[in-house]
Engineer: 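Here you go, one structure.
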Amino acid sequence: MKKIIVIGGGIAGLSAGIYGLQNGYEVALYEKNATPGGECTGWNRQGYHIDNCIHWLTGCTPTNDLYPIWQNIGALTDDTTLYREPYFYCLQRDGKTLHFWSDLEKARAEFLETAPEDCLEINKLFDHIRLSESVRVPCEKSLADMNMIDYLKFGMTMADMGKVIKEYGNDTIADLAARFQNPLVREMLTQYLHDSYKAITLLSSIGFYTGGGAAIPMGGSVDMIKRIVDRFLSLGGKLYTNMPATGIQIDSWQAKSVSFADGSTTACDFVICAADPAVTFNRLLPAKYMDKKLRKMYETKEGYHVSSAFHISFGILGSEGYGLPCGSSVHPCKPYRVGTRDFDHIGIRLYDYDESLFPADKRVLQCNIPQEQEDYEYWKALHADRPRYLAEKEKIAESVRQRICGLFPALENKLIVLDTYSPYTFTKWCGAYKGAYMSFFEQKGYKSLTAKNSIRGLSNVFLASQWLSTNGGLPMAAVSGRFAVMNLMKKDGKISKSSRA
Ligand SMILES: Cc1cc2nc3c(=O)[nH]c(=O)nc-3n(C[C@H](O)[C@H](O)[C@H](O)COP(=O)(O)OP(=O)(O)OC[C@H]3O[C@@H](n4cnc5c(N)ncnc54)[C@H](O)[C@@H]3O)c2cc1C
């Protein structure tokens, strides 16, 4: 059996490992942390559970192309119960609430009632959200490997997206909001995702809900990773944790072995780098091997944006409702500062939907406060001064707690700070580029890009990561693992160019 070394035990690495094993390879997966899962993880604090990752998993309907991939890697099994949220998010202001309901017609009716003056634009928006439910993640072949015919065929399977692109393709979220007169509608559109992101990103995210594809597997991120690791191990995969890779030894355009922080070196036939590419190309391989599309995304800062968040998790004492809306909600509030910027809204997310993780007296409120690249530099510098870093995190948690209690007075004395983590935490933890845990978001005037899983100039090294495609997320990570193995098998003469793993 030929041996694949997978570096990095996030979703991309685990997916690559599973597809490698299923196609007859021996797989050894090396993860730098004590537990696999990468950014898809959760942890316990003071008897509460913090689910770091899954707000929504797309592809949770059997008709979706992603579904067989989720099943194959064990993310979804026949026993997995799915929770579907009633809405994507809501905005509350002055006693009024506007929702992006998962029931599209219910949302349309609420918007029309709130803003009859915007009737034309509202109907247009919801008609196009319906059309954007057709958006698909390429699961059979990477966009980077498609020829013109593949590309046209794939495009035809989501022909309705063409109409969405025609109407909103040049709009940012800010441009989209400017089409509306009603201030609540404008606020609703601009306060969830960064308003410089493409409007289509917002429409397709809402479409994941209205189309029924977005759901949360009960047991959350930790259980999902456990199922995937179980699948990997049951197929004979070997998992080594606390094993950061430090280099890949190259000779005559081939990787011969991988070295690790404990001083050991392991020989291999193939390597799949599933760490963040910022780690792969800075620490494991010379940067000259980086695919030109990936390089373009890193180098064109104005066109390909990365962002992160400052996170605060609160435990809720007691089991009363306290007037909290379910799921994700956005609220205007008194200004507060996080990193280098000021905010006048607060986004909160209530974790109460999964009795096994969040029993009635152990519910959690999380706030993810958006942070940009300048904030990342701020947190990185502050981290060097540990007491100041900790004090700043504590100060922010208190100012956010006060604002939440201002919005929901019944919560006074009912919130305890469980954890705070900054963008820099994601870098320390997973090697995340600029603390970002989604990939690049293409800006207005810039195309969505997908980089290759193979590496020019190296015949047996491949890449798997959410970062190979713009937008990223769990689906991109999972399919990139599969595509890495397909590319490997082509190089190994195991499959023809058109076959798949
Ligand atoms: C707060 C938050 C919320 C999110 N919400 C969602 C959501 O609702 N839906 C969604 O689809 N996605 C969501 N995501 C994004 C999702 O978590 C990521 O897209 C996905 O987990 C990325 O997987 P990956 O395998 O590409 O990378 P990673 O998870 O970063 O995995 C890379 C792995 O490589 C390891 N590694 C790094 N360096 C080395 C080394 N030298 N040697 C060995 N191992 C190494 C890291 O420790 C890590 O385990 C969220 C992420 C966060 C943080």
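Ligands are counted one by one from 1 in listed order, and the atoms in each one are counted from 1 as well. The first residue of the sequence shown is numbered 1, and numbering continues consecutively from there. Below, each value reflects all heavy atoms present in this structure, side chains not excepted, and no hydrogens, waters or symmetry copies.
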Engineer: Which one holds for T58 and ligand 1: side chain close, backbone close, both close, or neither close, with close meaning a heavy atom under 4.0 Å?
Structural biologist: neither
Engineer: Return yes if a side-chain donor-acceptor contact under 3.5 Å exists between S313 and D419, otherwise no.
Structural biologist: no
Engineer: To the nearest 0.5 Å, what is the distance between NE2 on H311 and CZ on R349?
Structural biologist: 12.5 Å
Engineer: Can you label the angle between the Y353 ring and the Y351 ring as parallel, tilted or perpendicular, going by 30° and 60°?
Structural biologist: tilted
Engineer: Any idea which of M438, M243, H55, E39 brings a heavy atom closest to atom 30 (O) of ligand 1?
Structural biologist: E39
Engineer: When you measure from atom 41 (N) of ligand 1 to each heavy atom in A245, G42, C273, A432, which option holds the nearest one?
Structural biologist: A245
Engineer: Taking atom types as modelled, is there a side-chain donor on Y25 or D269 under 3.5 Å from an acceptor on the other?
Structural biologist: no
Engineer: What part of H311 sits under 4.0 Å from ligand 1 if we count only heavy atoms: the side chain, the backbone, both or neither?
Structural biologist: side chain
Engineer: What part of V279, side chain, backbone, both or neither, has a heavy atom within less than 4.0 angstrom of ligand 1?
Structural biologist: side chain
Engineer: Could you check whether F281 and Y289 have their ring centres less than 6.0 Å apart?
Structural biologist: no
Engineer: Please work out, at 4.0 Å between heavy atoms, whether the side chain, the backbone, both, or neither of A309 comes within that distance of ligand 1.
Structural biologist: neither
Engineer: Any idea which of C53, A464, C40 brings a heavy atom closest to atom 13 (C) of ligand 1?
Structural biologist: C53
Engineer: So for F426, does at least one of its heavy atoms come nearer than 4.0 angstrom to any atom of ligand 1?
Structural biologist: yes
